[in-house]
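Shown next, in structure tokens, is the structure this report addresses.
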Number of protein chains: 2
Amino acid sequence: MRSPEELTVAFRAAGLKVTPQRQLLFRLLHNNSTHPTADSLFGVASGLMPGISLRTVYQTLTELAQMGEIQSIEVGTGSQRFDPNVSDHHHAVCDECGAVHDVYVKRTPELAGLHGFAVTDAHIVYRGVCADCAGDAR
Amino acid sequence: MRSPEELTVAFRAAGLKVTPQRQLLFRLLHNNSTHPTADSLFGVASGLMPGISLRTVYQTLTELAQMGEIQSIEVGTGSQRFDPNVSDHHHAVCDECGAVHDVYVKRTPELAGLHGFAVTDAHIVYRGVCADCAGDAR
DNA sequence: ATGCGTCTTCGCAATGATTGAGAACAAATA
DNA sequence: TATTTGTTCTCAATCATTGCGAAGACGCAT
Ligand SMILES: [Mn+2]
Ligand SMILES: [Mn+2]
Ligand SMILES: [Zn+2]
Ligand SMILES: [Zn+2]
């Protein structure tokens, strides 16, 4: 996604208002590679802006997703995750710690056998144990 | 998954009872390639056995999944789907009609770049429009 | 066939994630 | 500063799924 400054301009240009809540979320999402859930973002946001509502977090995330600034992904962990990285990539989920890592694949396998299916998107979810969790014997 | 007859034996062998509800679900799942949700199965089951509860459907599906007879998959349609096909395969979801098709891929792309992540499973979800929906101009 | 112990079913409440609705509020602009 | 219009927040509602416990039924031993 674009920088908070660029988003500020983009929002105004789109007739949307730039509120403190939105600006905070712009900042929390910028360069964020943790693939946060709405609730985890709400947790961090609440610490910095007591009183911000979970509803507002959801709404802002939905808007950003509709504008194409972030993507919403589903990796099987129960709740939606949001990703400011909108480049073409996939994800690896650690079954130990729940971390979601970005994965870049050379060539996504083509669909074979399913004649007539027009693919618009393909998403690979890897599951396993991440380096951090494997490294430590505990 | 195995046939209803085989499952009957397997359940008894595991100390589980073979009830009419379970037998019905065994039959509804056998050779079922629709990737049903618990609720859609419940709908069909209710027609054949009025009074069966959604709770029982969920419970039986969970048991079958734990026994490895079916798998539970998440393709981003909001609810879990159950698949008696436990072979190594992937899925294509039609954004028009919601149908979920099986996809067999020659070689699942290896994880590159994420050093130390031990992959235990990889699942590809393709999205697009299926042949049926594309073919008909309506 | 009957009895009994254990496993199951079912209804209902509870949970967790997300969305809907509307009153109170605040950003943008003149 | 006043006005307009979009935003935030609270609270209720929804959807999928799970927890709980009383009532019921399977299956084995008589
Ligand atoms: Mn990502
Ligand atoms: Mn399948
Ligand atoms: Zn980990
Ligand atoms: Zn279709």
Side-chain angles (χ1 to χ4, degrees), chain A residues 4-5 7-26 28 35-43 45-46 48-67 70-83 98 100, chain B residues 4-5 7-26 28 35-43 45-46 48-67 70-83 98 100:
Chain A
E5 294 70 35
L7 288 179
T8 294
V9 174
F11 266 57
R12 291 225 175 89
L16 299 173
K17 292 173 180 172
V18 177
T19 65
Q21 289 88 340
R22 282 175 176 172
Q23 294 183 81
L24 173 57
L25 290 167
F26 294 170
L28 294 183
H35 303 89
T37 61
D39 198 66
S40 71
L41 265 180
F42 171 65
S46 294
L48 299 167
M49 182 185 283
I52 191 174
S53 80
L54 176 57
R55 192 69 184 84
T56 296
V57 173
Y58 268 109
Q59 264 168 207
T60 301
L61 288 170
T62 301
E63 287 156 3
L64 286 168
Q66 284 171 346
M67 295 172 70
I70 64 176
Q71 63 172 320
S72 161
I73 63 174
E74 176 57 63
V75 292
T77 44
S79 37
Q80 262 182 292
R81 286 170 175 268
F82 298 89
D83 193 348
V100 178
Chain B
E5 295 71 34
L7 288 179
T8 293
V9 174
F11 264 59
R12 291 225 176 88
L16 300 173
K17 292 174 178 173
V18 176
T19 64
Q21 289 88 342
R22 283 176 176 171
Q23 294 182 81
L24 172 57
L25 290 167
F26 294 171
L28 294 183
H35 303 88
T37 61
D39 197 68
S40 73
L41 265 180
F42 172 64
S46 293
L48 299 167
M49 181 185 285
I52 190 174
S53 80
L54 176 57
R55 191 70 185 82
T56 296
V57 173
Y58 268 108
Q59 265 169 205
T60 302
L61 288 170
T62 300
E63 287 157 4
L64 286 168
Q66 284 171 344
M67 296 172 68
I70 64 176
Q71 63 172 321
S72 161
I73 63 174
E74 176 57 63
V75 293
T77 45
S79 38
Q80 261 182 290
R81 287 171 174 268
F82 298 88
D83 193 346
V100 177

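Since we're looking at a predicted model, the values are computed, not measured. The sequence lines fix the lettering, A, B, ..., with proteins before strands; numbering per chain opens at 1.
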How would you list, by chain and number, every residue that makes a side-chain hydrogen bond (donor to acceptor under 3.5 Å, both in side chains) with [X], sequence neighbours excluded?
X: A:T77; result: A:R81
X: B:S40; result: B:T37
X: B:Q80; result: B:S72
X: A:S53; result: A:T56

Pairs involving residues 48-62 of chain B, ordered by first then second residue, that meet salt bridge (Lys or Arg N to Asp or Glu O under 4.0 Å) (sequence neighbours left out): none
Residue pairs passing the salt bridge (Lys or Arg N to Asp or Glu O under 4.0 Å) test where at least one lies in residues 13-23 of chain B, sequence neighbours excluded: B:R22-B:E63
Partners passing salt bridge (charged side-chain N to carboxylate O under 4.0 Å, His left out) against B:E5 (at least two apart in sequence or in another chain): none
Whichever of B:I52 and B:K17 has its nearest DNA chain C nucleotide further upstream toward 5': B:K17
With sequence neighbours excluded, residues passing ring pair (Phe, Tyr, Trp, His ring centres under 6.0 Å) with A:F11: A:F26
Listed partners of A:F82 passing ring pair (Phe, Tyr, Trp, His ring centres under 6.0 Å), at least two apart: none
Point-to-point distance, once rounded to the nearest 0.5 Å, from OG1 of A:T62 to CE of A:M67: 13.0 Å
Range on DNA chain D touched by chain A - first to last nucleotide, heavy-atom distance under 4.0 Å: D:dT5 to D:dT10
Protein-nucleotide distance (B:Q66, atom CD; C:dT8, atom P), rounded to Å: 12 Å
Positions of residues 19-26 of chain A (non-hydrogen atom under 4.0 Å from DNA chain D), listed by number: A:T19, A:Q21, A:R22
Nucleotide N/O to protein N/O under 3.5 Å, stretch nucleotides 17-21 of chain C:
from   : atom 1 : to    : atom 2 : distance (Å)
C:dT18 : OP1    : A:Q80 : N      : 2.7
C:dT18 : OP2    : A:Y58 : OH     : 2.4
C:dT18 : O5'    : A:Y58 : OH     : 3.2
C:dG20 : N7     : A:R55 : NE     : 3.3
C:dG20 : N7     : A:R55 : NH2    : 3.0
C:dG20 : O6     : A:R55 : NE     : 3.0

